[in-house]
Visitor: 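Below: one structure in structure tokens.
Sequential numbering from 1 along the given sequence is applied to the chain's residues.
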Amino acid sequence: MTRYVFITGGVVSSLGKGLASAALGALLQARGYKVRLRKLDPYLNVDPGTMSPTQHGEVFVTDDGAETDLDLGHYERFTGVPATKADNITTGRIYLDIITKERRGDYLGATIQVIPHVTNAIKEFVLDGNDAYDFVLVEIGGTVGDIEGLPFFEAIRQLGQELPRGLCAYIHLTLLPYIPSAGELKTKPTQHSVAELRSIGIQPDILLCRCDRPIPREERRKLAQFCNVRETAVIEARDVASIYDVPLSYRDEGLDREVLAHFGLESAAEPKLERWRTISERVRNPEGEVSIAIVGKYTGLKDAYKSLIEALTHGGIANRVKVNLEWIEAEIFEREDPGPFLEGLNGILVPGGFGQRGAEGKIRAARYAREKKIPYLGICFGMQMAVVEAARSLAGIEAANSTEFGPTPEPVVGLLTEWMRGNELERRVAEGDLGGTMRLGSYRATLAPGSRIAEIYGGTAIAERHRHRYEVNMAYRDRLEAAGLRFAGLSPDGLLPETVEVEGHPWFIGVQFHPELKSRPFEPHPLFKSFVEAAIVQSRLV
Ligand code: GLN
């Protein structure tokens, strides 16, 4: 029997609904249930693939090649279950499908309306493919009261009536702000938010209340009374030091107990949270620290690098150190010498990115790391820029560049127009659509035996997630290898460079894929584990 938990948000955005959903997923999993997490996004983009990282944060890529909301990253990291295309949908996608059907004449003359056509499409999405799961947690993006969210709220309201009795719960995540002049945590915004939910027919069963201090008994009572929930269903979600403390903190506050009680599944058994305790303990008690520079272009919004930050934390957990991140806008290095910024840091990371702005700065960062023998990890764009740098400095190809920035006489990085996906040839044209047309999702790669990267992975066959339009140009391979840049990893057909490494450098690796997307706290990605280890070695030299 599949049970549904709908998670909505109120009062303000950015309360961490994704994290809350992921943590609840982890708790239910720790009680032996099979859990699936899905996200409904009310915006009109068909997917977040075309949205600016500085506005929307990272685009999380799934194995099956979907560009999805970054909350799916939390889901994966907390439950270990790989997300798929079918775990995230937007209003844009729903309308695109409906309008395509309408143009085809599939509706046989009917008037297409939000209710029932849009709400039906949402319900079909929510209910599809869940047979194998005990719990499906469905997070609704945005905040109650948003105009564009209404069809989603309406759809989950209808499901409350249509699903068999007792198989559906609503959790509302809200904020209890502390007002210093009154010396109180205020419940009024939550009361209003719940009133708004009830006005569209949804009565929450559980309130998950974000706050920065304990909720006094009186406020709990008030919330229960005014919001029409049980007092035990007012759950305190207090700020914690690390996101990996959230499952434990929810457990202590009784969130899982309350959810199970709602479904009549009370159990005296304790959830198995050993691995969360270990992680929490390790994050809290590091035995040392290292500092890593992240030279990027979206450093103003850390959400743009969500998985990266987490993967570095995991690398730290694996090595029992705290990883301090130094954020540097790549453009600075176009005006100033990187030395004073990078000196004393133990590793340099150039992450994925798009477009020319800051590219020369990233090339300078790569040069600094190579020359000063500081551990360097180049991810996707960070690998491409490292290859351009090596071409210019080591192979003497002075005009080396990427065609992403316009025509160049030496296209060391060029547009990728054809590649194999399994046995199928994928093709793109230069002036095609931007949405969903990159080389996306999991692709296999073969690592050269004896290479540094093969040693790190402990094997030569890997599969990693990709999201790129450009690719290092194989035509330059011989010249670059002769100059000391080894093409250690290739696509299985040998046509696309997947990883490079600088020979004779303590740790200089570029990867065309995004390893950060597959790292988990209890299963740190080997590249991040090794990179942090190299940074520790470097820190002993400083
Ligand atoms: N802009 C580069 C490309 O499209 C790199 C993309 C990335 O870093 N994800 O190939």
Visitor: With no hydrogens and no angle check, is any side-chain donor or acceptor of T91 less than 3.5 Å from a backbone partner on P42?
Guide: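 Checking the backbone N and O of P42 against the side chain of T91, a donor-acceptor pair under 3.5 Å is found.
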Visitor: Is the shortest side-chain heavy-atom distance between F135 and R36 below 4.5 Å?
Guide: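 When only atoms from C-beta onward are counted, R36 and F135 do not touch, as no gap falls below 4.5 Å.
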Visitor: Given the side-chain rings of F341 and F333, with only the six-membered ring counted for Trp, is the space between their centroids under 6.0 Å?
Guide: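 Close enough - the centres of the two rings lie under 6.0 Å apart.
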Visitor: Examine the side chains of R465 and H514 and answer whether a donor and an acceptor come within less than 3.5 Å of each other.
Guide: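 Looking only at side-chain atoms, H514 and R465 do not form any donor-acceptor pair under 3.5 Å.
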Visitor: Hey, mind stepping through D245 and S280 against side-chain hydrogen bond (donor to acceptor under 3.5 Å, both in side chains) and telling me if it holds?
Guide: CA-CA 6 Å; D245 290 335; S280 173; 2.5 Å; yes
Visitor: Is it true that E329 and R357 have a side-chain N and a carboxylate O under 4.0 angstrom from each other?
Guide: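 R357 and E329: salt-bridged.
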Visitor: State whether the side chain of K17 and the backbone N or O of S14 hold a donor-acceptor pair below 3.5 Å, judged by distance alone.
Guide: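 No.
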Visitor: Are any side-chain N or O atoms of D97 and backbone N or O atoms of I94, one a donor and one an acceptor, separated by less than 3.5 Å?
Guide: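 Judged by distance alone, no pair lies under 3.5 Å.
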Visitor: For the residue pair Q384 and S402, confirm or rule out a side-chain donor-acceptor distance under 3.5 Å.
Guide: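 No, because no side-chain N or O of Q384 sits under 3.5 Å from a partner of the opposite role on S402.
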Visitor: Who pairs with T403 by side-chain hydrogen bond (donor to acceptor under 3.5 Å, both in side chains), at least two apart in sequence or on another chain?
Guide: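 Expected list: none.
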Visitor: Going by atom types alone, do Y376 and E501 pair a side-chain donor with an acceptor below 3.5 Å?
Guide: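 There is no such pair (donor and acceptor under 3.5 Å, judged by atom type) between the side chains of Y376 and E501.
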Visitor: Quick one: do D337 and R364 make a salt bridge, cutoff under 4.0 Å?
Guide: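 Salt bridge flag = no for R364 with D337.
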Visitor: Look at the side chain of N319 and the backbone N and O of V532, then say whether any donor-acceptor pair between them is shorter than 3.5 Å.
Guide: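 Checked: no pair found.
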Visitor: Is it true that Y298 and W327 have ring centroids separated by less than 6.0 Å?
Guide: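 No, too far apart.
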Visitor: Does R439 count as lying over the ring of Y443, i.e. NZ or CZ under 6.0 Å from the six-ring centre, within 45 degrees of the axis?
Guide: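 Judged by the rule, R439 and Y443 form a cation-pi pair.
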Visitor: Any sub-3.5 Å donor-acceptor pair from S519's side-chain atoms to H525's backbone N or O?
Guide: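 Yes; at least one donor-acceptor contact below 3.5 Å.
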Visitor: Looking just at side-chain N and O atoms, do E58 and S307 make a donor-acceptor pair shorter than 3.5 Å?
Guide: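 A pair is found: one side chain offers a donor N or O, the other an acceptor, under 3.5 Å apart.
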Visitor: Please report the C-alpha distance between Y457 and E464 in whole Å, then the side-chain angles of each, then the deciding distance to 0.1 Å, and finally whether the side-chain hydrogen bond (donor to acceptor under 3.5 Å, both in side chains) criterion is met.
Guide: CA-CA 12 Å; Y457 272 93; E464 292 281 4; 2.6 Å; yes
Visitor: Is there a donor in the side chain of D69 and an acceptor in the side chain of H56, or the other way round, less than 3.5 Å apart?
Guide: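 Result is yes, a qualifying pair exists.
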Visitor: Decide yes or no on side-chain hydrogen bond (donor to acceptor under 3.5 Å, both in side chains) for E410 and Y476, but give the supporting numbers first.
Guide: CA-CA 9 Å; E410 300 282 6; Y476 289 89; 2.7 Å; yes
Visitor: Going by heavy atoms in the side chains, are L37 and D87 under 4.5 Å from each other?
Guide: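 L37 vs D87: side chains apart.
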Visitor: Considering non-hydrogen atoms only, spot the tightest contact between Y305 and K297 and give its length.
Guide: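 Closest pair (atom of Y305, atom of K297, distance): OH-N, 3.1 Å.
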Visitor: Please say whether the positively charged group of R77, taken as NZ for Lys or CZ for Arg, lies over the ring of F522, i.e. under 6.0 angstrom from the six-membered ring centre and within 45 degrees of the axis.
Guide: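 Not satisfied by the 6.0 Å and 45° rule.
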Visitor: Between E281 and R284, is the closest basic N to carboxylate O distance under 4.0 Å?
Guide: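 Judged by the 4.0 Å cut-off on N to carboxylate O distance, R284 and E281 do not form a salt bridge.
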Visitor: Would the distance check show the side chain of R520 and the main-chain N or O of G80 forming a donor-acceptor pair, the cut-off being under 3.5 Å?
Guide: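 A pair under 3.5 Å: yes.
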Visitor: In terms of the angle between their ring planes, are H314 and Y244 parallel, tilted or perpendicular, with boundaries placed at 30° and 60°?
Guide: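 The arrangement is tilted - the two ring planes meet at 30° to 60°.
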Visitor: Between W276 and F78, is a ring-ring contact (aromatic ring centres under 6.0 Å, His included) present by the stated rule, with each step listed?
Guide: CA-CA 10 Å; W276 290 104; F78 276 71; 5.1 Å; yes
Visitor: Quick check: F60 with H74 (ring centres under 6.0 Å apart)?
Guide: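 Ring centroids of H74 and F60 are no less than 6.0 Å from each other.
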Visitor: Do N285 side-chain atoms and R282 backbone N/O form a donor-acceptor pair below 3.5 Å?
Guide: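 Judged by distance alone, no pair lies under 3.5 Å.
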Visitor: Could you tell me whether the side chain of E516 reaches within less than 4.5 Å of the side chain of I309, counting heavy atoms only?
Guide: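 A side-chain contact under 4.5 Å is absent here.
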Visitor: Is the shortest distance from a Lys or Arg side-chain nitrogen in D64 or K85 to a carboxylate oxygen in the other one below 4.0 Å?
Guide: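 Salt bridge between D64 and K85, a charged N being under 4.0 Å from a carboxylate O: no.
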Visitor: Parallel, tilted or perpendicular: which describes the rings of F531 and W507, with under 30° parallel and over 60° perpendicular?
Guide: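 F531 and W507: tilted rings.
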